[in-house]
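In what follows, chains are A, B, ... by sequence order, proteins preceding strands, each numbered from 1.
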2 protein chains.
Amino acid sequence: MASKKNTKSQRADIPRKTVYRLSIYTRCLQRLKENGIKTVSSEALAGAAGVKSPQLRKDLTYFGQFGTRGLGYDVEQLIKMISDLLGTSHLQPVVLVGVGNLGRALLSYKGFAKEGFGIVAAFDVVTERQKDKRVTQSVYSMDELKSFVSRNNVRMAILCVPPQEAQEVVNELVEAGVTGVMNFAPTVLQVPDEVTVNNVNLAIELENLSYFVGH
Amino acid sequence: MASKKNTKSQRADIPRKTVYRLSIYTRCLQRLKENGIKTVSSEALAGAAGVKSPQLRKDLTYFGQFGTRGLGYDVEQLIKMISDLLGTSHLQPVVLVGVGNLGRALLSYKGFAKEGFGIVAAFDVVTERQKDKRVTQSVYSMDELKSFVSRNNVRMAILCVPPQEAQEVVNELVEAGVTGVMNFAPTVLQVPDEVTVNNVNLAIELENLSYFVGH
DNA sequence: AAATGTGAAGTTGTTCACAGCT
DNA sequence: AGCTGTGAACAACTTCACATTT
């Protein structure tokens, strides 16, 4: 998206795009595993992921050697190594701040849970915003944000607040110990070096399409 | 986003990232205009957009020469040229397919309308899904998709259907004349060269963050 | 024979440095 | 004097070609 980023790489020297593709690879591997396939060649996996095979091989060798020449890669082993690497092998708690339209949708979005993320709590200035039967998480007041985050050792946050409030909220999050922020607010956030911000701007994404579609 | 793409560039030789940054520049310019600022230097605008100034200047010169040496760029003129270029100077009709959690949120998402896009209609296998007071658009049955799109000359679509259905739906869209698709389904879509697909995968975006945050 | 791992070549995008306007 | 426009240097990423292993 995105690109669409302001992401700094702490864990250095591995291309951001490589990390991104790793996520795509696991999804393909998962499907293979479900179909009972034990071994896959770089050619086949790359095809499924929509990349060229040398790309896939280079991506993997940033992290070590996992294949067997003449044979290919062990599906299960590759899944294991990637999910360890991405930190998705154990559930990561995430908080969401800003329960407007988009925030509410993300709270009930099944795509996150399916991939090993749990939005454990939501925060908003208006706590009554929980009036939606599909949303199961509690909506807390902003006062409780900092203590909740540090108490529960939350490292990741999803930001869906209006642009004017985004910087202020991110400051609080960082002070409380958050080091990764997925930012949906159309704002360039200022954060310390050790914090990673992943900007997702859906309007820009559409605008971008518009350019390629033409007038 | 994600970076995160499978987008082919029809209008060639201009970097995708440049087009993406153009969107960021307009947002900054808009703010300047609201504050009554008439002229801006590449240094100042780049700062606001979170890029280096030569980057900004290079981005702009792909499209022509818009600045005045010794002075800077005319705010209003730049806004005009970028929105003409991106095709956001006139309202672009967009259809949305798949009115699940995410689809519903996008239908009522104000971020799109604010930037000159109107989701004119939504489609789903279950048309009763319109039971949400915040959603103002009508939800039509999938049978009507093709005729609606071609009748109304819709060029852009937002895809929020389950992954198994994504390819089938995109085929219909393309047949009906859509040439730009914003795809939220975690599927690698197969489309003709003249069609642009912009993949947005929120789960991958989070997974990516997870890597930088660490275990 | 088949398929990985990788140095080297190629491509794309970013930054620099400064010449050239106003 | 100030700031743009841009060729040339640089950096990042991708692709190729092939030696290497099973």
Side-chain angles (χ1 to χ4, degrees), chain A residues 1-22 24-25 29 32 37-75 77-78 81-82 208, chain B residues 1-9 11-25 29 32 37-75 77-78 81-82 208:
Chain A
M1 90 149 9
S3 264
K4 47 139 182 323
K5 296 304 143 46
N6 157 23
T7 308
K8 291 147 196 162
S9 42
Q10 263 56 66
R11 312 226 217 150
D13 66 3
I14 284 146
R16 281 217 348 252
K17 288 184 168 184
T18 292
V19 177
Y20 191 89
R21 283 189 297 263
L22 250 32
I24 301 177
Y25 301 153
L29 287 162
L32 292 174
I37 291 160
K38 296 270 180 258
T39 289
V40 67
S41 71
S42 62
E43 192 64 36
L45 182 53
V51 303
K52 301 245 168 78
S53 66
Q55 174 85 268
L56 166 64
R57 293 201 298 274
K58 183 133 278 183
D59 282 343
L60 295 180
T61 52
Y62 281 113
F63 307 100
Q65 300 186 180
F66 305 96
T68 314
R69 293 172 198 223
L71 237 169
Y73 299 91
D74 182 277
V75 171
Q77 184 199 341
L78 248 197
M81 104 77 176
I82 296 180
N208 201 251
Chain B
M1 160 252 245
S3 168
K4 56 155 177 309
K5 301 302 143 47
N6 156 26
T7 310
K8 290 149 199 163
S9 41
R11 310 225 218 151
D13 66 4
I14 285 146
R16 280 219 346 253
K17 288 185 168 182
T18 292
V19 177
Y20 191 89
R21 284 189 296 261
L22 250 32
S23 287
I24 300 177
Y25 302 152
L29 288 162
L32 293 173
I37 291 159
K38 296 268 180 260
T39 288
V40 67
S41 72
S42 63
E43 191 64 34
L45 181 53
V51 303
K52 301 244 168 80
S53 65
Q55 175 86 267
L56 166 63
R57 293 201 298 275
K58 184 134 276 185
D59 281 343
L60 295 181
T61 52
Y62 281 113
F63 307 101
Q65 301 185 179
F66 305 95
T68 315
R69 293 170 197 224
L71 238 170
Y73 299 90
D74 182 276
V75 171
Q77 183 200 340
L78 249 197
M81 104 77 176
I82 296 179
N208 202 250

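- Considering only residues two or more places apart in sequence or on other chains, A:Thr61 meets the side-chain contact (heavy atoms from CB on, under 4.5 Å) condition with none of them.
- Contacts of B:Ala48 classified as side-chain contact (heavy atoms from CB on, under 4.5 Å), with partners at least two apart in sequence or in another chain: B:Cys28.
- Interface residues of residues 38-48 of chain A facing DNA chain C, ordered by number: A:Ser41, A:Ser42; criterion, heavy-atom separation under 4.0 Å.
- In this structure the side chain of B:Leu78 reaches within 4.5 angstrom of the side chain of B:Leu45, judged on heavy atoms.
- At least one side-chain heavy atom of A:Leu29 sits less than 4.5 Å from a side-chain heavy atom of A:Ile82.
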Discussion item. Walk along nucleotides 15-22 of chain D from 5' to 3' and tag each nucleotide B, S or - by protein heavy-atom contact under 4.0 Å, base first, then sugar-phosphate.
Written reply: BBB--BBB

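- Rounding to the nearest 0.5 angstrom, the gap separating the CD atom in B:Gln55 from the CG atom in B:Leu60 is 10.5 Å.
- Residue B:Tyr25 holds its OH atom at 4.0 Å from CG of B:Asp59, rounded to the nearest 0.5 Å.
- B:Ser42 is linked by a side-chain contact (heavy atoms from CB on, under 4.5 Å) to B:Ser53, B:Leu56, B:Arg57, B:Tyr73, counting only residues two or more places apart in sequence or in another chain.
- Taking every heavy atom of both residues into account, A:Val51 and A:Arg21 meet most closely at CG1-CD, 3.8 Å.
- Rounding to whole angstrom units, CG of residue B:Leu56 and P of D:dG5 are separated by 10 Å.
- The CZ atom of B:Phe63 sits 17 Å away from the C1' atom of D:dT4 (whole-angstrom rounding).
- Summarising the geometry, atom NZ belonging to A:Lys52 is positioned 10.5 Å from atom CD belonging to A:Glu43; distances are rounded to the nearest 0.5 Å.
- Taking 4.0 Å as the cutoff to heavy atoms of chain A, we find the contact window on DNA chain C bounded by C:dA2 to C:dA8.
- Comparing B:Tyr73 and A:Thr18 by the nucleotide of DNA chain D that holds the closest heavy atom to each, the one mapping nearer the 5' end is B:Tyr73.
- For the pair B:Thr18 and B:Phe63, the minimum side-chain heavy-atom distance is below 4.5 Å.
- Across the protein-nucleic acid pair, B:Asp59 atom CG and D:dT4 atom P stand 14 Å apart, rounded to whole Å.
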